Amino acid sequence: MAGPAIDATTAAMAVDPLRGRRILLAVTGSIAAVKAPSLVTRLQARGAEVRCLLSPSAERLVSPVALACLSRHPCACENDQWQHGQPRPLHIDLAEWADLVLLAPLSAATLARLVHGQADQLLASTLLARPASCPLVAAAAMNTDMWLAPAVQRNWARFDAEPGVLPLPPAATGLLACDRRGPGRMVEPALLELAVASVLARGVRRDLVGRSLVVTAGPTREAIDPARFLSNPSSGRMGVLLAQAARLRGARVVLIHGPLQVDPAWLEGLECQAIVSAADLEQALALNAPGADAVLMAAAVADQRWRHPDPAKAPKQALQQRLADAASWEAVPDLLQQLVARRSPGQVLLGFAAHTGDVLPQARAKLSRKGCDLLFANPIDAPGAGFGSETNAGWLLDAGGAVEAIGPCSKLSLAHRLLDAVAARWNQAPVLSAGSATEAGGSSSSSMNVLS
């Protein structure tokens, strides 16, 4: 399954959508402006080129000199628009330079300017001059009462309907600069970085509005005694990115997760339910799966569990004896097969298979055994495709027998490709792309296509 030839730049962008892209960071007059230096540093660390633009109010909250030093570009401020050394209108130059504009924070005043087309400042003029091909990611931040004010909510609803715009509402709760607790705090830089990468990878897409998804992520832990448990190295990154990618595309997402090793900011905006064991996961699925349009089983569930966990820590010798006793163990129920057996009409089920060695024959057998609609299989013994990695690669199989090689690519890009396949099942369209290979045989040693 050899893929088309690609150049080094395209390959790098597949692994990280931010690499080599030009991002204009526009900052308005909210106290959350103090997070702008962190945003610049994060985006540059991912290989993006960043320029900064401050509103007059933002200039009082964050240093233009600091942003210029961090970005290695002059920081554009209000008075720069009228400098005689500027050969073209500055707002046009900035708007045409950017591949993407990140507006963070977005204040109530600037929201009103954008909704009503009021170009009375350099920042507002630049955003209004933004080409249709340049997406805008905007993160609101303001006092709770301001955010809930009817006029602001009306403006937000109009802004949310604009093409090419991904508006991120404030976090549902948090401590604000005015000592209030409630909605209004700008989402954290880590989530903004993720949203920017998502838009650069797949554009602004709202095709999952009205859909309800359940996503599982992370490992399960099966207790042996109070000091020991059986688990695996899953970080939960793949499942969490699946959940966030679906949320950014408009879906309501319930994330059922075991112990995670991801930035907590990635959980903002998701309905999270923490579990520990496979039994916990089984109960959570029984409650949440029946009403979902799709269930994406990215969690790494244990295959075996201790039949009767000890209430006290077992001595080492006694533990070794019990570990060797097959009667001490029992098989964990097959949760994916349970979902298949009781799924509602039209519900799409996506499973995951982590294998070593020759992956495809194992994956085909698993897909047939499980009876799910889609299965993503990845070789965890391959570099950049195992537990905890930032990238992934593998094969997407559907129940009709088609197979698509995907990767190496970022797990976020992979998440969007898997969501495309899920959406295709709803729409009764071909699940795999035109360039996919439909096979009767094949080996997992074949090279993989780079996800574009």
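This structure is a prediction, so every number in the text was calculated from the model and none was measured. For reference, positions follow the sequence shown, starting with 1.
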Kindly say whether Trp147 contributes a backbone atom to a donor-acceptor pair with the side chain of Gln153 at under 3.5 angstrom? yes
Can you tell me if Ser212 uses its side chain to pair, donor with acceptor, with the backbone of Asp293 under 3.5 Å? no
Going by an N to O cut-off under 4.0 Å, is there a salt bridge joining Arg72 and Glu49? no
One should read off an interatomic distance between His416 NE2 and Leu248 CG, to the nearest 0.5 angstrom, of 6.5 Å
For residues Thr220 and Val332, determine if any side-chain heavy atom of one lies less than 4.5 Å from a side-chain heavy atom of the other. no
When rounded to the nearest 0.5 angstrom, what is the spacing between CG in Leu24 and SG in Cys52? 8.0 Å
Output the distance between atom CG (Leu200) and atom CZ (Arg19), rounded to the nearest 0.5 Å. 13.0 Å
Could you tell me whether a side-chain N or O of Ser71 sits under 3.5 Å from a main-chain N or O of Leu67, the two making a donor and an acceptor? yes
For the residue pair Ala245 and Leu412, what are the closest heavy atoms and their distance? CB-CD1, 4.3 Å
For Ile31, enumerate each residue passing the side-chain contact (heavy atoms from CB on, under 4.5 Å) test, keeping only those at least two apart in sequence or located in another chain. Val34, Leu61, Ala177
Indicate every side-chain donor-acceptor pair of residues 158-166 with a distance under 3.5 Å to a residue at least two apart or in another chain.
| unit_1 | atom_1 | unit_2 | atom_2 | d |
| --- | --- | --- | --- | --- |
| Asp160 | OD1 | Arg206 | NH1 | 3.3 |

Taking all non-hydrogen atoms of both residues into account, name the closest pair between Ala421 and Leu396 and its distance. CB-CD2, 3.8 Å
Atom pair OG1/CD of Thr110 and Gln121 - distance to nearest 0.5 Å: 6.0 Å
Before giving the answer on side chain to side chain contact (heavy atoms under 4.5 Å, CB included), spell out for Phe229 and Val276 the whole-Å C-alpha distance, their side-chain angles and the decisive distance to 0.1 Å. CA-CA 11 Å; Phe229 57 81; Val276 176; over 6 Å; no
On a heavy-atom basis, which atom in Thr144 and which in Pro183 lie closest, and how many Å separate them? OG1-O, 2.7 Å
Using the side chain to side chain contact (heavy atoms under 4.5 Å, CB included) rule, take His257 and Val240 through it: C-alpha gap first, then chi angles, then the decisive distance, then the call. CA-CA 8 Å; His257 65 85; Val240 172; 5.6 Å; no
Roughly how far, to the nearest 0.5 Å, is OG1 of Thr126 from CG of Leu103? 11.0 Å
Under a 4.5 Å cut-off applied to non-hydrogen side-chain atoms, are Leu414 and Ile406 in contact? yes
As a quick check of understanding, evaluate side chain to side chain contact (heavy atoms under 4.5 Å, CB included) for Val422 and Leu208, giving each step before the final call. CA-CA 10 Å; Val422 169; Leu208 301 186; over 6 Å; no
So, does Lys35 use its side chain to make a donor-acceptor pair with the main chain of Val187 at under 3.5 Å? no
Taking salt bridge (Lys or Arg N to Asp or Glu O under 4.0 Å) as the definition, give me every residue that meets it alongside Arg305, ordered by chain and number, with sequence neighbours left out. Glu330
Answer with yes or no whether the side chains of Arg221 and Ser231 bring together a donor and an acceptor at under 3.5 Å. no
Please check if the side chain of Gln244 supplies one atom and the backbone of Glu268 the other of a donor-acceptor pair under 3.5 Å. yes
Between the main-chain N or O of Trp97 and the side-chain N or O of Arg22, is there a donor-acceptor pair closer than 3.5 Å? yes
May I have the list of side-chain donor-acceptor pairs in residues 334-354 shorter than 3.5 Å, sequence neighbours left out?
| unit_1 | atom_1 | unit_2 | atom_2 | d |
| --- | --- | --- | --- | --- |
| Asp334 | OD1 | Leu336 | N | 3.2 |
| Asp334 | OD1 | Gln337 | N | 3.0 |
| Asp334 | OD1 | Lys370 | NZ | 3.0 |
| Asp334 | OD2 | Lys370 | NZ | 2.5 |
| Gln337 | NE2 | Arg369 | O | 2.8 |
| Gln338 | NE2 | Glu282 | OE2 | 3.0 |
| Arg343 | NH1 | Gln347 | O | 3.4 |
| Arg343 | NH1 | Asp373 | OD1 | 3.3 |
| Arg343 | NH1 | Asp373 | OD2 | 2.6 |
| Gln347 | NE2 | Ala289 | O | 2.7 |
| Gln347 | NE2 | Ala292 | O | 3.0 |

All heavy atoms of Pro379 vs all of Ala393, minimum pair found to be CD-O, 3.3 Å
With a 3.5 Å distance limit and no angle check, can you tell me whether Gln118 reaches the backbone of Ala112 through a side-chain donor-acceptor pair? no
Which pairs, with at least one residue in residues 230-244 and sequence neighbours excluded, count as a salt bridge (charged side-chain N to carboxylate O under 4.0 Å, His left out)? none
Is there a side chain to side chain contact (heavy atoms under 4.5 Å, CB included) between Trp156 and Leu106 once you walk through the steps? CA-CA 11 Å; Trp156 184 258; Leu106 167 60; 3.9 Å; yes
Are Val196 and Arg42 close enough that some pair of their side-chain heavy atoms sits under 4.5 Å apart? no
Backbone N/O of Thr356 and side chain of Gln362: donor-acceptor pair under 3.5 Å: yes
Beyond-backbone contact of Ile256 with Asn288, side-chain heavy atoms, under 4.5 angstrom: yes
Closest heavy-atom contact between Ser125 and Ala119? OG-O, 3.4 Å
Residues Asp207, Arg202: salt bridge by 4.0 Å N-O rule: no
Is there side-chain contact between Pro135 and Val101, with heavy atoms separated by less than 4.5 Å? no
Which atom names give the shortest non-hydrogen contact between Trp266 and Ala190, and what distance separates them? NE1-O, 3.6 Å
A side-chain contact here means heavy atoms from C-beta on lying under 4.5 Å apart; do Phe376 and Trp395 qualify? no
For residues Gln273 and Leu287, determine if any side-chain heavy atom of one lies less than 4.5 Å from a side-chain heavy atom of the other. no
Taking salt bridge (Lys or Arg N to Asp or Glu O under 4.0 Å) as the test, write out the residues that go with Arg154, two or more places apart. none
Between CG on residue Leu70 and CG on residue Leu39, distance to nearest 0.5 Å: 11.0 Å
Examine distances only and state if a side-chain atom of Asp398 and a backbone atom of Gly401 form a donor-acceptor pair shorter than 3.5 Å. yes
Exam field: side chain Asn232 to backbone Pro219, donor-acceptor pair closer than 3.5 Å: no
Taking the side chain as every heavy atom from C-beta outward, state whether Glu222 and Ser277 have any pair of such atoms under 4.5 Å apart. yes
